[in-house]
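Worksheet: one structure, shown below.
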Amino acid sequence: MGLTALCPGTFDPVTNGHLDIIGRASQTFETVVVAALENPSKQAMFTLEERVAMLKEACSGMSNVTVVSFRGLLVDLARSQEGDAAIVKGLRAVSDYEYEIQMAQMNHRLAGVETLFMPTSPKWSFLSSSLVKEVAQLGGNVSGLVPDHVRTALDDRLEER
Ligand code: PNS
């Protein structure tokens with residue numbers, strides 16, 4: 001059995017940048033598990049269940065990708081996978097590296113789980129869920145940055161407020 005790529009994130013909401021990494025991971029690894037988790041340092045706009053539903057729709061065309069939610073330590077999810085799993089994360093810039101290397105080293109220290117970094121496509125290097133939410137909240141157009149169903153969900157959530 002080949003290596004499983006575990007693609008974790010807050011995904012609040014999933015962007016086309018995330019999907020670029022997930023899609024490339026699905027071509028590189030036998031199996032990809034996309035995991036939506038809580039990031040204790042972020043206040044989410046969407047519930048974990050809503051984020052998973054959006055991810056499932058976005059990944060429905062990728063046959064070796066499954067989407068799960070998880071509350072707890074990422075390494076516990078990694079260790080619960082059948083066979084070997086490595087965390088795969090996209091890196092946009094040096095600023096991402098500083099945050100990601102710390103988590104990668106902690107995850108290795110906690111459970112010997114490896115992290116592999118995949119460079120983000122330059123097409124999406126400016127893109128983040130936080131910026132998408134900020135732009136949408138201020139009335140900007142986020143089409144082309146997130147899948148259409150995510151744009152609709154953003155519009156609906158902002159209308160509720
Ligand atoms: O998309 P993000 O916010 O960069 O993803 C961060 C995430 C969710 C992967 C990270 O916060 C995480 O792993 N959360 C689960 C709890 C955990 O394991 N914390 C210790 C990280 S070393």
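Note that these values count all heavy atoms, side chains included, but never hydrogens, waters or copies made by symmetry. As the structure is a prediction and not an experimental result, all values here were calculated from the model. Counting convention: from 1, in listed order, for ligands and their atoms alike.
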Please could you name the atoms of ligand 1 that E38 approaches to less than 4.0 Å, counting only its heavy atoms? 14 (N), 15 (C)
Rounded to the nearest 0.5 Å, the CG atom of D96 sits from the CD1 atom of I101 at a distance of 12.0 Å
Interatomic spacing from CG in D20 to CE in M118 - rounded to 0.5 Å: 8.5 Å
So, R51 and E38, do they make that salt bridge, N to O below 4.0 Å? yes
Which residue and non-hydrogen atom of the protein lie closest to atom 1 (O) of ligand 1, and at what distance in Å? T10 N, 2.9 Å
Taking only heavy atoms of Y99, which atoms of ligand 1 are found under 4.0 Å from at least one of them? 3 (O), 4 (O), 6 (C)
Value for CG (L158) from CD (Q137), rounded to nearest 0.5 Å, stands at 5.5 Å
Please write down residue, atom name and distance for the protein heavy atom closest to atom 11 (O) of ligand 1. N39 CG, 3.6 Å
Could you tell me the residue and atom name of the protein heavy atom closest to atom 10 (C) of ligand 1, and the distance to it rounded to 0.1 Å? M103 SD, 3.9 Å
Proximal ligand 1 atoms for K89, defined as those under 4.0 Å from one of its heavy atoms: 4 (O), 5 (O), 9 (C)
Protein non-hydrogen atom found under 4.0 Å from atom 7 (C) of ligand 1: no
For Q81 and V33: C-alpha separation, side-chain torsions, deciding distance, then whether side chain to side chain contact (heavy atoms under 4.5 Å, CB included) applies. CA-CA 9 Å; Q81 300 304 305; V33 176; 3.5 Å; yes
In ligand 1, the atoms that come under 4.0 Å of a heavy atom of M106 are 22 (S)
4.0 Å protein heavy-atom contact status of atom 15 (C) of ligand 1, strictly under: yes
For the atom pair CE (M103) and CG (L110), what is the distance rounded to the nearest 0.5 Å? 12.5 Å
Backbone, side chain, both or neither: what part of K42 comes under 4.0 angstrom of ligand 1, heavy atoms only? side chain
For ligand 1, which atoms have a heavy atom of L74 less than 4.0 angstrom away? 13 (O), 17 (C), 18 (O)
Determine whether F46 and L127 fall in the same hydrophobic cluster, where Ile, Leu, Val, Met, Phe, Trp and Tyr are linked whenever their side-chain heavy atoms lie under 4.5 Å apart. yes
Atoms in ligand 1 flagged as close to L37, the criterion being non-hydrogen separation under 4.0 Å: 8 (C), 15 (C)
Do M45 and R161 make a side-chain contact, defined as non-hydrogen atoms from C-beta onward lying under 4.5 Å apart? yes
Rounded distance [0.5 Å steps], NZ in K89 versus CD1 in I21: 10.5 Å
Regarding atom 21 (C) of ligand 1: of the candidates V75, N107, V113, which has the closest heavy atom? N107
Close side-chain approach of D12 to K133, heavy-atom, < 4.5 Å: yes
Which ligand 1 atoms, with their elements, are less than 4.0 angstrom from a heavy-atom of G9? 1 (O), 5 (O), 8 (C)
Closest protein heavy atom (residue, atom, distance) for atom 19 (N) of ligand 1: L73 CD2, 4.0 Å
Ligand-residue contact atoms, ligand 1 with G72, heavy atoms, under 4.0 Å: 15 (C), 16 (C)
